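Treat the numbers as computed from the prediction; the structure is a model and nothing was measured. Labels below follow one simple rule: chain letters A, B, ... track the order of the sequence lines, proteins then strands, and each chain is numbered from 1.
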Amino acid sequence: MSRWHLVDAWRARLRALQPEVGLSPEGARYALSTALDAWDDLPRHMRRKHPGHTVLVCASTVFTAPLEWAAVVLVRGGRVTLKAPRARAGWFAEVAACTDLPILSTTDRDVLEDADCIVAMGSDATLDAIRANLHPGQRLLAFGHRFSAAYWSDPANADAVALDLALYDGRGCMSPVAIFSPIPDATALLADAMQRMEARLPRGDVAPIEGAAIRARTALARVVGSAVAGPGWAVHGLPAERFPEAGLPRAAVVHASDFEGFLRAVQPHAPRLSTLGSDVPLAVPGVRCCALGEMQKPPLDRIHDGVDWLRVL
Amino acid sequence: MTDRRSLHDAIQAFVLLPDPAGLDALLLAAHAWQHANDPVLAALIGAPATHVSDIPAIPVALFRELDVGTVKPDEPHVAFHTSGTTTGRPGIHRLRDTSLYDLGCNLHARPWLPATHETLGLMPDNPHSSLAHMVRGFADLTGPARFLIDETLHDDALRGLRHPVFVCATGFALDAWLQTVPEPLPEGSAIMVTGGFKGRTHQLEPDALVRAAQHLAPVLMEYGMTELSSQLWAWAGEPYTPPPWLRVSAVDPTSGEPVPPGQPGQLRFLDLCNLDSTLHVETLDEGIVHPDGRVTLIGRLPDAPARGCSLAVEDLL
């Protein structure tokens with residue numbers, strides 16, 4: 001069997017898993033299924049070889065993010081170790097155990113010693129620590145915290161915006177931390193869509209500190225803007241000068257803004273932007289731009305945090 | 001009572017001679033006055049609350065975002081600032097004067113405070129620090145205050161002492177002092193420990209820290225916040241005791257609904273002495289409010305598990 005056929009068989013087994021990652025079962029299954037769909041494009045990227053041992057440090061990232069990296073390395077002939085955080089050890093052990101491909105999972109940080117290539121997703125402190133301990137000849141591809149935003153002008157796209165906010169409960173760096181919109185009743189429209197989305201893909205666990213933060217921002221929005229909330233979701237209308245750089249699970253921030261205002265607001269953040277979603281044509285150099293509803297469904301072939309990852313790996 | 005002077009005097013009288021039966025009425029009167037004079041509170045609740053349980057708790061994060069309280073920034077006031085965060089502006093607690101703060105603080109703390117020759121603050125002497133202000137205020141009982149931290153800890157001032165001293169330390173300053181292998185303090189001394197035990201880079205183990213400090217002198221614990229005018233005190237190992245004018249409750253952090261006494265929850269403080277700012281403050285601390293009103297502090301609400309690649313929520317708060 002070719003490596004692609006083995007990887008494709010692995011994908012089929014991954015689809016059958018029930019990830020227990022803090023999302024609702026529906027949310028986790030949908031996120032996993034969506035991430036695996038992108039592998040359809042994998043055979044086009046097999047030609048480049050990537051032998052040797054690649055360690056994927058999954059310190060702080062959505063639970064599916066390392067899978068596409070692992071798939072590309074495996075399909076190109078390499079072997080993979082997933083360096084899992086303790087809180088996610090069970091999930092990544094399941095991922096590695098359901099294939100005969102050369103992929104292992106561990107929480108042991110010593111595994112980095114043996115890596116030819118390290119792909120790290122985590123906090124700045126984690127990335128600095130890895131960088132400081134690199135051996136000569138080891139390659140590092142490091143991805144730190146980024147954030148995303150969206151421009152929404154057509155009321156018909158409310159459900160697409162809600163999906164971008166709902167996938168991974170909004171904890172991914174491709175999830176919009178803020179929605180800029182000229183629609184007069186954008187918060188009300190989005191609230192309706194968030195409620196529909198909650199029925200389809202319920203929100204998962206919310207940590208106490210996240211719950212406290214959502215209620216604090218609700219209070220802020222009630223003072224300086226508007227707030228609508230329901231079980232499992234919230235929409236906060238805030239002035240654009242209160243653009244947040246971090247999202248809260250299923251708690252949307254809406255800024256009343258035209259397209260020019262959106263561009264003015266996000267451009268200073270360009271080096272730290274992951275994705276911009278929009279329902280009007282949009283191009284920002286070095287930033288992935290896509291349609292609403294697609295923000296957290298990245299295609300395999302894309303600029304990832306400013307890096308053409310399929311070509312540098 | 002519809003003006004500040006009469007409210008101030010009534011609160012002062014309550015602090016001097018607490019009458020639990022009169023607390024609700026006084027809280028509601030102060031709340032109604034705040035509602036008329038604090039745009040933040042007025043935006044959060046259309047009409048003044050008619051039951052104490054309906055007085056909105058202002059999350060501490062709002063003190064960094066907004067001018068919370070009845071004091072306008074351009075009018076004369078005393079300002080206490082929270083320590084800096086990654087998000088920039090500190091939280092600011094504005095008071096027209098510190099008379100209620102000082103009165104309540106000294107009256108409630110007095111049973112715990114030692115009579116010493118000198119007060120040694122293991123903290124910077126910052127005019128915007130409510131902690132430094134409180135420590136200075138103990139001088140008539142614990143002796144004049146000297147602050148031993150600027151850029152560094154001047155632990156030499158803690159060696160060779162001959163008279164009893166009252167050492168007031170934040171958790172991290174105490175940890176730094178203990179690492180200098182200090183000698184026991186003179187008989188009659190005491191150590192006050194306050195502040196958080198969780199920093200950006202590491203977390204202290206409070207029990208171990210207190211045990212180590214108890215080899216030097218008896219340890220008492222203080223719980224206070226920049227956003228509050230009143231404090232809670234305890235001997236090490238015991239729950240904190242609030243003053244009669246401070247009511248503590250715990251809520252479910254996700255829903256904001258009260259949890260029963262004895263159950264852990266996110267702490268809220270209804271502080272009658274917060275006349276100039278806002279009475280009801282929601283912290284980011286977790287604790288247990290016991291049926292007798294005393295409080296066991298668990299610590300800051302735990303961080304969210306890393307489930308994504310966006311900035312951590314902790315960086316927002």
With a 4.5 angstrom heavy-atom cut-off, is it the side chain or the backbone of I214(A) that approaches chain B, or both, or neither?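 Contact with chain B involves no heavy atom of I214(A) at all.
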
Could you look at E286(B) and say if it's the side chain, the backbone, both or neither that has a heavy atom under 4.5 Å from chain A?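 Contact with chain A involves no heavy atom of E286(B) at all.
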
Does a side-chain N-to-carboxylate-O contact under 4.0 Å join D205(A) and R171(A)?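 No salt bridge links D205(A) with R171(A).
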
Would you mind checking which part of V251(B) comes under 4.5 Å of any heavy atom in chain A, side chain (CB onward), backbone (N, CA, C, O), both or neither?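 Just its side chain gets close to chain A.
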
By a 4.5 Å heavy-atom criterion (distance strictly below it), what part of P253(B) contacts chain A: side chain, backbone, both, or neither?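 Answer is both: backbone and side chain atoms of P253(B) are under 4.5 Å from chain A.
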
Within the structure provided, determine whether N274(B) and F269(B) are in side-chain contact (heavy-atom separation under 4.5 Å).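 Result no, sub-4.5 Å side-chain heavy-atom pair not found.
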
Basic-acidic side-chain contact under 4.0 Å: R96(B), D276(B):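 Salt bridge: yes.
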
Tell me whether E20(A) at atom CD has more than 12 heavy atoms from other residues, nucleotides or ligands lying less than 6.0 Å away.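 No, because the 6.0 Å sphere around CD of E20(A) holds 12 heavy atoms or fewer from other groups.
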
Check each atom of L44(B) against the heavy atoms of chain A and say whether the ones under 4.5 Å are side chain, backbone, both or neither.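 Contact with chain A involves both backbone and side-chain atoms of L44(B).
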
Is it true that a side-chain atom of H31(B) and a backbone atom of A49(B) form a donor plus acceptor pair closer than 3.5 Å?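 Checked: pair present.
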
Who among S148(A), A125(A), P208(A) has the most heavy-atom pairs with chain B under 4.5 Å?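 Top count of heavy-atom pairs under 4.5 Å with chain B: P208(A).
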
